[in-house]
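Take a look at the structure below.
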There are 2 protein chains.
Amino acid sequence: MLLYLFMELAAAKLKFIEAWGKLGSEWGINRTMAQVHALLLISPEALTTEEIMETLSISRGNANMTLRDLIGWGLIEKQHKAGERKEYFFADKDVWNIARQVAKERKKRELEPVLKVLNELSTVTGDEKDPAFKTFKKSVADINKLAGNVDKTLETMLKAEESWFWGSVLKVFK
Amino acid sequence: MLLYLFMELAAAKLKFIEAWGKLGSEWGINRTMAQVHALLLISPEALTTEEIMETLSISRGNANMTLRDLIGWGLIEKQHKAGERKEYFFADKDVWNIARQVAKERKKRELEPVLKVLNELSTVTGDEKDPAFKTFKKSVADINKLAGNVDKTLETMLKAEESWFWGSVLKVFK
DNA sequence: ATAAACTTTCAATAATTTTTGAAAGTTTAA
DNA sequence: TTAAACTTTCAAAAATTATTGAAAGTTTAT
């Protein structure tokens, strides 16, 4: 009976990889990319493309593209071992860095383009007596303001030290 | 020439709906759902299923399911007009409420299940001398801590008043 | 009860996103 | 050079996700 109180490391790893992949896909990050990231996160040494393909049962092409994407996100790096031609990959293990990196990329790729459109839309002119115009203008202005605040907050977060960040925020949010 | 300095309200509406839909799909929210939400956000009156189908060129089935989902997310409500059988739909226009509602739902649907798994994985036992075990345990513990902090922060945000929230946070993030 | 007005369901279809894998490309060592 | 070792590309296929639309279901008025 006691047996079931413990989980094998191997089983735990699989569960972690699966959970990370699911979370990623729910937040617009490709499942495989999140899984490769998870695998490298819990791996003490750098892994080859070969090993990643094997462990996650994915094709060479998929592994290659996913690793390239992860490098583009600043989440993993290539490593070369002396006397070997193969490339090894390892993940930054600092969770605060990971959060910052993801925030930075998504801000750049998704938030900023939307802010640009919202700013354009703020300049629309029309009949101030028209309810359709008034409602449009107010919604756009409100969203623009919120998005701007989110942007500023992220900007500050990107510069922040982990301890400083959590210390300060948790003091405010008590 | 000056003509191009102004944008027609109709064009602006389309652009807004498109941008909101794109943002949604990048963050794991179905494009159509985000578009229907956008349409109702900028509409001064409640709209019928019929009108939504027409404006966005979507089918009755799609409109019906999407509207039901949006009600489930707490972003829109049904309205009945005296002497009419048709149902009308309108969106909460308060941007802070919208942000809170989305945060609340995603916390419940996605963050909490992951926290549950992470907590389970924290209990894994193994050989403290094994680098694979040590790396696994540390990564899980670190992520668990970060996720727990995010959860607490959201929890507080859900209770917060808009002015209080932005006032306080922006003072900290100066 | 009946029928008109309206809403919901869901199997089939369409659209989109992800993955494959073999061929092409590149680098290195001899 | 050449060839082995390794990486990248990308058109085709598979998997996933979203949409359609007609039929079934429900409600209301008479």
Side-chain angles (χ1 to χ4, degrees), chain A residues 17-18 20-40 46-73 75-90 106 109-110, chain B residues 17-18 20-40 46-73 75-90 106 109-110:
Chain A
I17 290 168
E18 195 193 345
W20 209 235
K22 187 163 175 246
L23 186 66
S25 68
E26 284 165 343
W27 287 87
I29 284 157
N30 166 324
R31 171 184 252 81
T32 300
M33 182 167 151
Q35 288 184 336
V36 170
H37 184 228
L39 174 61
L40 290 175
L47 303 179
T48 61
T49 301
E50 218 58 57
E51 291 170 313
I52 292 163
M53 285 165 60
E54 174 113 347
T55 310
L56 300 179
S57 305
I58 60 175
S59 71
R60 183 173 302 284
N62 194 6
N64 181 269
M65 286 180 134
T66 297
L67 289 166
R68 208 139 49 62
D69 282 352
L70 281 168
I71 291 172
W73 277 74
L75 296 175
I76 69 171
E77 283 176 48
K78 279 188 189 175
Q79 193 174 67
H80 287 278
K81 296 204 176 177
E84 286 200 56
R85 288 201 41 197
K86 274 200 286 280
E87 295 179 330
Y88 287 77
F89 300 89
F90 71 98
R106 299 206 78 160
R109 296 173 194 213
E110 293 141 20
Chain B
I17 290 168
E18 196 193 344
W20 209 235
K22 187 163 174 247
L23 186 66
S25 69
E26 284 164 344
W27 288 86
I29 284 157
N30 165 326
R31 172 183 252 82
T32 300
M33 183 167 149
Q35 289 185 337
V36 170
H37 184 229
L39 174 61
L40 290 175
L47 303 178
T48 61
T49 303
E50 217 57 57
E51 290 170 314
I52 292 164
M53 286 166 58
E54 173 114 347
T55 309
L56 301 178
S57 306
I58 60 175
S59 72
R60 182 173 303 284
N62 194 7
N64 182 267
M65 285 180 134
T66 298
L67 288 166
R68 211 142 42 65
D69 282 353
L70 281 168
I71 291 172
W73 277 73
L75 296 175
I76 69 171
E77 284 176 49
K78 280 187 188 175
Q79 193 174 67
H80 287 279
K81 298 204 176 176
E84 286 200 57
R85 290 208 30 205
K86 275 201 285 280
E87 294 178 331
Y88 286 77
F89 300 89
F90 72 99
R106 300 206 78 161
R109 296 174 194 212
E110 293 140 22

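Protein chains get the first letters and strands the later ones, always in sequence-line order, with residue 1 at the start of each.
We find that CG of A:Asp69 is positioned 11 Å from P of D:dT9, with the value rounded to whole Å. One atom, CD of B:Glu50, and another, C1' of C:dT7, lie 11 Å apart when rounded to the nearest Å. The CZ atom of B:Phe89 sits 11 Å away from the C1' atom of C:dC6 (whole-angstrom rounding). When the P atom of C:dA29 is taken as reference, atom NZ of A:Lys86 falls 14 Å away, rounded to whole Å. Nucleotide C:dC6 holds its P atom 14 Å from the NZ atom of B:Lys81, rounded to whole Å. Nucleotide D:dC6 holds its C1' atom 12 Å from the CD atom of A:Glu84, rounded to whole Å. Distance, B:Ile71 CD1 to C:dT7 C1': 12 Å, rounded to whole Å. One interatomic measurement links the two molecules: CD of A:Gln35 to P of C:dT19, which rounds to 8 Å at whole-angstrom precision.
Between B:Asn64 and C:dT8 there is a side-chain N or O to OP1 or OP2 distance below 4.0 Å.
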Expected string for nucleotides 12-27 of chain D under the B/S/- scheme (protein heavy atoms, under 4.0 Å, primed atoms plus P, OP1, OP2 as sugar-phosphate) is ------SSBB-----B

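The heavy-atom pair separating B:Gly72 from B:Arg109 by the smallest distance is O-NH2, 3.9 Å. Between A:Ala46 and A:Glu51 the shortest heavy-atom distance is O-OE1, 4.3 Å.
Shown here is B:Glu87, whose CD atom has more than 12 heavy atoms of other residues, nucleotides or ligands within 6.0 Å. When the shell of 6.0 Å around CD of B:Glu54 is examined, it contains 12 or fewer heavy atoms from other residues, nucleotides or ligands.
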Just list the side-chain donor-acceptor pairs under 3.5 Å for residues 27-39 of chain A, sequence neighbours left out, or say none.
| from | atom 1 | to | atom 2 | distance (Å) |
| --- | --- | --- | --- | --- |
| A:Trp27 | NE1 | B:Glu110 | OE1 | 3.2 |
| A:Asn30 | OD1 | A:Thr32 | N | 2.7 |
| A:Asn30 | OD1 | A:Met33 | N | 3.2 |
| A:Arg31 | NH1 | A:Ser25 | OG | 3.2 |
| A:His37 | ND1 | A:Trp20 | NE1 | 3.4 |

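Once rounded to the nearest 0.5 Å, the distance linking CG of A:Leu67 with CG of A:Asn62 reads 9.5 Å.
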